[in-house]
Visitor: 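Structure below; questions to follow.
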Amino acid sequence: MTINEFGWETFECFLEGMDRQLNFDPRTIGRVAQVQRDLFGVICEAGYLWCELTGKLRHEVENSVELPVVGDWVELSPPFTDAGGEWSALITGVLPRRSFLARGGHARGTQVLAANVDRVMVVMSANLDFKVNRLDRYMALAAAGNCDAALVLSKADLHPHMEELVSQVKARHPDLPVFVTSVVSQTGLKELAESLLPEKAYTFVGSSGVGKSSLVNFMMGREVLAVSGIREDDDKGRHTTTHREMVKLESGALLVDTPGLRAVGLVDEDEALEATFGQLHELGQRCKFRDCTHDTEPGCAVRAALESGELDPQTWESYDKLKREQAFELRKQDKAMAANHKKHWKTITQNWRVRKKHEGR
């Protein structure tokens, strides 16, 4: 096993572009393949190690988004030790991320799902799970983390007119790669597998029960991830994957399977929405006012396109909803920052008063 098989050469080129000092010892570099609470499964030259963070690193991080996630490249502290038949090491640092997939609106703030991802594979089943607006949301998340995106329409055997679903997607996102698949009928699986390149990392995301684990198992040629069916009462799936894990295909491609996401909140990235809705961004450039909100301003190219039929109303509604949600999340962050700031200075004031009281005695 070598770290080059897991994308190290590509990552080195990224570091060189950042003018980073490349004085790493390959024996002390690894890639996180699994996270189990405070334990990290790391692939490195020595093999597969179960690692913990050093106390210094754990206390130096200012935000949980800086902690290692699946796909991260990390620095390890040798020598490696054998504890009860399992080799282990300490993680001393996390290297800069080339890309990432994160969601906002989580109970603990922004949650990073995977790092250093080459392409986000959005899996949507052909049953009641399919919605173009939901695809917009996933694509915005991918763009926010500098990731490429593709759509995998799974369970094609459950829908008699898959071409209609593909047409809906292409009408809004003409350049998005779309794979129509079915593990039951063996449809499209070869084409999907051939699109996954060696040493590249692909993150499979989607709602519970859309067939992510089934696709991974098929491409692995064996059952490495648990699978469960859809519920008959609402045609939706149960959670099967309970943690994130990177697995390697025989082709050399790297897959990250994630738990089904019940909620997919946006992060605060205007550029992500612009990249996702290219037509709207181009229309916005033609508005009379640079800060046009596309509401009642005169000379608004977006409103004109809606009235003429050039712009699909559903595309505008999806964009407007995501934009308003993004603004709401930003306001929440501002409130949290204001509350923390107030608490910080309240503590300083209280300490100052206590000190002055003691000095006056």
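As the structure is a prediction and not an experimental result, all values here were calculated from the model.
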Visitor: Examine distances only and state if a side-chain atom of Glu307 and a backbone atom of Ala304 form a donor-acceptor pair shorter than 3.5 Å.
Guide: no
Visitor: Looking at every non-hydrogen atom in both residues, tell me the closest pair between His159 and Ala126 and how far apart they are.
Guide: CD2-O, 3.4 Å
Visitor: How far apart are the closest heavy atoms of Ala142 and Ala149, and which atoms are they?
Guide: CB-CB, 4.1 Å
Visitor: Quick check: does any side chain N or O of Thr187 sit under 3.5 Å from a backbone N or O of Thr181, one acting as donor and the other as acceptor?
Guide: no
Visitor: Any side-chain heavy-atom pair from Ser195 and Phe179 closer than 4.5 angstrom?
Guide: yes
Visitor: Mind telling me whether Phe14 and Phe11 have parallel, tilted or perpendicular rings, with 30° and 60° as the class edges?
Guide: tilted
Visitor: Do Cys51 and Leu90 have side-chain heavy atoms sitting under 4.5 Å apart?
Guide: no
Visitor: Check whether Leu197 and Val247 end up in the same hydrophobic cluster, where Ile, Leu, Val, Met, Phe, Trp and Tyr are linked by side-chain heavy atoms less than 4.5 Å apart.
Guide: yes
Visitor: Are the side chains of Cys44 and Leu49 in touch, meaning some heavy atoms are under 4.5 Å apart?
Guide: yes
Visitor: Please say yes or no: joined through hydrophobic side-chain contacts below 4.5 Å, possibly via intermediate residues, are Val74 and Leu39 part of one cluster?
Guide: yes
Visitor: Tell me, do Leu196 and Met219 make a side-chain contact under 4.5 Å, heavy atoms counted?
Guide: yes
Visitor: So that I can tick it off, tell me whether Lys288 and Glu297 are bridged by a salt bridge, with the cut-off set at under 4.0 angstrom between side-chain N and carboxylate O.
Guide: no
Visitor: Contact between Leu53 and Phe40 at the side-chain level, heavy atoms closer than 4.5 Å - yes or no?
Guide: yes
Visitor: Using a cut-off of 6.0 Å, state whether more than 12 heavy atoms not belonging to Gln285 lie near its atom CD.
Guide: yes
Visitor: Using the side-chain contact (heavy atoms from CB on, under 4.5 Å) definition, which of the options Leu255, Asn116, Leu113, Leu101 pairs with Thr203?
Guide: Leu101
Visitor: So how far is it from Leu57 CG to Ser77 OG, rounded to the nearest 0.5 Å?
Guide: 11.5 Å
Visitor: Using only heavy-atom distances, determine whether the side chains of Asp136 and His173 contain a donor-acceptor pair under 3.5 Å.
Guide: yes
Visitor: Using side-chain contact (heavy atoms from CB on, under 4.5 Å) as the criterion, list what pairs up with Ala301, not counting sequence neighbours.
Guide: Arg286, Cys287
Visitor: Using modelled atom types and a 3.5 Å cut-off, is there a donor and acceptor pairing between side-chain atoms of Tyr48 and backbone atoms of Ala33?
Guide: no
Visitor: Which one of Val122, Val180, Leu192 satisfies the side-chain contact (heavy atoms from CB on, under 4.5 Å) criterion with Val152?
Guide: Leu192
Visitor: Judged by modelled atom types alone, do Gln314 and Ser318 share a side-chain donor-acceptor pair under 3.5 Å?
Guide: no
Visitor: Between the side chains of Asn146 and Ser99, does any donor sit under 3.5 Å from an acceptor?
Guide: no
Visitor: Go through the steps for Met124 and Leu135 under the test side-chain contact (heavy atoms from CB on, under 4.5 Å), then give the verdict.
Guide: CA-CA 8 Å; Met124 304 180 74; Leu135 173 62; 4.0 Å; yes
Visitor: For a side-chain contact (heavy atoms from CB on, under 4.5 Å) check, start with the C-alpha distance between Met121 and Arg119, then their side-chain angles and the critical distance, and finish with the verdict.
Guide: CA-CA 6 Å; Met121 311 296 291; Arg119 172 173 281 184; 3.4 Å; yes
Visitor: Under a 4.5 Å cut-off applied to non-hydrogen side-chain atoms, are Trp8 and Glu199 in contact?
Guide: no
Visitor: Hey, is Asp118 close enough to Arg98 for a salt bridge, meaning N to O under 4.0 Å?
Guide: yes
Visitor: Could you state the interatomic distance from CD (Gln36) to CD (Glu245), rounded to the nearest 0.5 Å?
Guide: 8.0 Å
Visitor: Could Arg31 and Asp72 be called an ion pair, given the rule that one side-chain N must be under 4.0 Å from one carboxylate O?
Guide: no
Visitor: Report yes or no: does Asn63 contribute a side-chain atom to a donor-acceptor pair with the main-chain N or O of Val65 at less than 3.5 Å?
Guide: yes
Visitor: Are any non-hydrogen side-chain atoms of Thr28 and Glu75 less than 4.5 angstrom apart?
Guide: no
Visitor: Where is the tightest heavy-atom contact between Lys212 and Ser207, given as atom of each residue plus distance?
Guide: NZ-O, 3.6 Å
Visitor: Check the pair Val256 / Tyr202 against side-chain contact (heavy atoms from CB on, under 4.5 Å), numbers first and verdict last.
Guide: CA-CA 6 Å; Val256 179; Tyr202 301 85; over 6 Å; no
Visitor: Ser125 and Lys155: which non-hydrogen atoms are nearest, and at how many Å?
Guide: CB-CD, 3.9 Å
Visitor: Backbone N or O of Gly211 within a donor-acceptor pair of the Ser154 side chain at under 3.5 Å?
Guide: no
Visitor: For residues Ile3 and Ile29, report the shortest heavy-atom separation together with the two atoms involved.
Guide: CG2-O, 3.7 Å
Visitor: Just verifying a value: how many Å separate Leu76 CG and Arg27 CZ, rounded to the nearest 0.5 Å?
Guide: 12.5 Å
Visitor: Distance from Asp295 atom CG to Cys300 atom SG, nearest 0.5 Å?
Guide: 8.5 Å
Visitor: To the nearest 0.5 Å, tell me how far Asp157 CG sits from Gln186 CD.
Guide: 10.5 Å
Visitor: Answer whether the closest heavy-atom distance between the side chains of Arg172 and Asp312 falls below 4.5 Å.
Guide: yes
Visitor: To the nearest 0.5 Å, tell me how far Ile91 CD1 sits from Thr54 OG1.
Guide: 9.0 Å
Visitor: At their closest point, which heavy atom of Glu45 faces which heavy atom of Thr2, and how far apart are they?
Guide: OE1-CA, 3.7 Å
Visitor: Evaluate Val120 against Leu141 for side-chain contact (heavy atoms from CB on, under 4.5 Å), listing each step before the verdict.
Guide: CA-CA 9 Å; Val120 175; Leu141 291 183; over 6 Å; no
